[in-house]
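Please read the structure below before turning to the comments.
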Amino acid sequence: MAPPGSRAAGPLPSGELAAGGLAVAADLPALHTALDDWFASNARELPWRAAECTPWGVLVSEVMLQQTPVVRVLPVWEQWLRRWPEPSALAAEPAGEAVRSWGRLGYPRRALRLHAAAVAIRDSHAGAVPGAYTELLELPGVGSYTAAAVAAFAFGRRETVVDTNIRRVHARLVSGSALPSQALTAAEMRLAASLLPEDPAASVRWNASVMELGAMVCTARAPKCGQCPVRDSCAWLAAGEPPPTYTPKGQSWHGTDRQVRGAVMAVLRVAEDPVAPELFHRAPADLGFEPDGIGIPLAALHRLNAAPEQLERALAGLLGDGLAELHRGGFRLPA
DNA sequence: TACACGTGGGG
DNA sequence: TCCCCAAGTGT
């Protein structure tokens with residue numbers, strides 16, 4: 001049986017849309033037109049959507065946008081593309097520079113993988129971002145969503161793009177649920193494939209419009225149904241807006257290893273030289289001197305009052321992940 | 001399959 | 001204040 005990532009876009013098995021999707025499937029062209037029109041006049045002007053944006057620019061944006069809001073990505077993306085206009089430019093620098101330039105976007109391993117992807121593009125693709133889904137999927141940090149998104153948005157290919165926005169729109173519009181299932185299913189991929197316009201250019205617009213609708217109107221909390229161009233076709237509205245059938249479990253943060261890792265990374269990002277282990281374990285004041293430049297993030301780290309073993313786990317984890325390395329007895333970003 | 005992985009804005 | 005959540009990936 002096909003895995004969730006399967007991109008088979010064959011004909012819709014009869015009964016696939018039985019759970020509330022019949023009304024939508026009945027008039028797909030009208031749905032395509034409605035979202036096309038809405039997108040044409042409501043889409044945000046984002047730099048990675050500009051005609052002159054390169055595939056590299058699209059790839060960088062897609063990785064930065066993983067689990068990260070557009071407004072925070074914007075300035076960092078501009079900075080990255082100015083400094084590294086093509087993959088080979090990034091590949092020529094130490095991975096640590098990518099991590100440092102990542103700033104406070106979060107999930108810094110993405111920066112590491114983007115750097116590794118740039119190296120792979122230089123070494124295995126003659127410096128040009130590949131346009132085929134399967135080749136994109138081979139790149140570090142590129143999963144099924146990002147591979148499909150880059151193939152579609154940078155190369156105009158007909159791909160089944162499924163992100164959290166698209167899943168939510170499909171859940172409401174077609175399936176009549178308040179939220180998509182907790183994990184991406186093969187059925188969701190089949191549904192998405194069945195809704196995709198046949199024409200490649202139209203499919204690209206469709207993918208972008210559904211995503212934009214999910215981001216701007218059909219939001220997770222307090223959807224703006226009054227502004228929705230397809231509210232009259234919405235299975236969830238028709239069903240009387242039934243509540244979610246499960247409660248999403250929150251991401252814990254306070255007191256976790258992740259919080260400590262984040263604080264350590266904040267220190268390493270601003271450090272000019274390797275940071276001695278003692279500085280992580282003992283407050284600078286106790287050591288009798290003020291470390292140069294890293295005082296503020298170091299103070300933030302110590303305010304967490306992490307247990308020694310928790311600090312050890314964080315440092316070991318960062319070393320294991322390649323986000324930090326030991327140099328002359330101190331911790332630093334990878335060179 | 002479920003969990004780990006950063007960060008900060010909005011309700 | 002606290003909690004939710006944002007264009008996911010890798011294990």
Side-chain angles (χ1 to χ4, degrees), chain A residues 3-5 43-44 46-49 57-77 99 102-114 116-117 136-154 159 161-169 178-186 192 207-216 218-224 244 246-269 297 300-301 304 313-314 316-318 320-323:
Chain A
R44 291 167 291 179
L46 303 172
W48 43 85
R49 283 179 179 162
V58 174
L59 173 60
V60 172
S61 78
E62 291 299 345
V63 174
M64 287 184 172
L65 286 163
Q66 292 167 5
Q67 302 283 283
T68 309
V70 166
V71 285
R72 297 228 314 277
V73 166
L74 241 14
V76 184
W77 183 89
V99 176
W102 198 251
R104 305 188 64 80
L105 272 190
Y107 292 145
R109 53 176 56 178
R110 290 182 293 167
L112 216 48
R113 291 177 178 150
L114 204 37
L136 286 161
L137 197 54
E138 295 295 317
L139 299 174
V142 175
S144 59
Y145 160 75
T146 303
V150 173
F153 303 137
E159 300 286 346
V161 179
V162 177
D163 76 325
T164 188
N165 289 306
I166 291 177
R167 293 184 67 213
R168 189 173 52 252
V169 171
L179 295 174
S181 57
Q182 292 175 274
L184 178 60
T185 65
N207 281 325
S209 334
V210 177
M211 203 178 310
E212 186 77 349
L213 187 73
M216 305 303 293
C218 196
T219 49
R221 277 182 301 180
K224 306 167 181 65
Y246 66 93
T247 313
K249 62 172 175 357
Q251 312 160 343
S252 55
W253 173 249
H254 188 71
T256 64
D257 287 4
R258 294 170 73 180
Q259 187 182 29
V260 178
R261 279 175 61 114
V264 170
M265 284 303 298
V267 174
L268 296 185
R269 275 197 306 268
L301 170 64
L304 298 180
R313 275 201 307 276
L318 291 173
D321 289 345
L323 281 166

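Quick note on labels: first sequence line is chain A, next is B, and so on, each numbered from 1.
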Run the side-chain contact (heavy atoms from CB on, under 4.5 Å) check on Val60(A) and Trp48(A) step by step: do they pass? CA-CA 9 Å; Val60(A) 172; Trp48(A) 43 85; over 6 Å; no
Where do Trp77(A) and Leu65(A) land on the side-chain contact (heavy atoms from CB on, under 4.5 Å) test, with the steps shown first? CA-CA 10 Å; Trp77(A) 183 89; Leu65(A) 286 163; over 6 Å; no
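Here the closest non-hydrogen pair linking Arg109(A) and Asp321(A) is NH2-OD2, 3.0 Å. Nearest approach of Ile166(A) to Val210(A), heavy atoms of both residues: CG1-CG1, 3.8 Å. The two atoms that bring Ala152(A) and Asn207(A) nearest to each other are CB-ND2, 4.4 Å, heavy atoms only.
Put simply, CG on Leu65(A) is 8 Å from P on dA7(C), counting in whole angstrom units. For the pair Leu179(A) CG and dC5(C) C1', the interatomic distance rounds to 11 Å; values are reported in whole Å. In this structure, Leu184(A) places its CG atom 15 Å from C1' of dA2(B), rounding to the nearest Å. Here dC5(C) presents its C1' atom at 14 Å from CD of Gln182(A), a figure rounded to the nearest Å. Rounding to whole angstrom units, CE of residue Met216(A) and P of dA7(C) are separated by 10 Å. Rounded to an integer number of Å, the gap from Leu59(A) CG to dG8(C) P is 15 Å.
The residue Leu46(A) sits close to a base: some heavy atom pair falls under 4.0 Å. No engagement by Thr219(A) is indicated, since no non-hydrogen atom pair under 4.0 Å with the nucleic acid exists. Nucleic acid contact for Trp48(A): base, since at least one base atom lies under 4.0 Å from a heavy atom of the residue. At the heavy-atom level, Ala215(A) lies under 4.0 Å from the strands shown only through sugar-phosphate atoms. Using a 4.0 Å heavy-atom cutoff across all strands shown, Val70(A) reaches at least one base atom of the nucleic acid. In this structure, Thr256(A) reaches neither bases nor backbone, as no heavy-atom distance under 4.0 Å exists between it and the strands shown.
Taking atom P in both dG11(B) and dA7(C), one finds a spacing of 15 Å when rounded to whole Å. Comparing the C1' positions of dG6(B) and dA6(C) gives an interatomic distance of 12 Å, to the nearest angstrom.
In terms of phosphate contacts, Arg168(A) brings a side-chain nitrogen or oxygen within less than 4.0 Å of OP1 or OP2 of dA6(C).
Looking at which nucleotide of DNA chain C each of Glu62(A) and Pro140(A) is closest to, the 5′-most match is held by Glu62(A). Map Ala149(A) and Lys249(A) each onto its nearest nucleotide of DNA chain C; the residue landing nearer the 5' end is Lys249(A).
Ion pair Arg49(A)/Glu212(A) flagged as a salt bridge, since at least one NZ, NE, NH1 or NH2 atom sits closer than 4.0 Å to an Asp/Glu carboxylate oxygen.
When the options Gln66(A), Arg258(A), Arg113(A), Gln67(A) are evaluated for a side chain to side chain donor-acceptor pair (under 3.5 Å) with Tyr107(A), the one that passes is Arg258(A).
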Can you check each nucleotide of nucleotides 4-11 of chain B against protein heavy atoms at under 4.0 Å and return B for base, S for sugar-phosphate only, - for none, in 5' to 3' order? -BBBS-B-
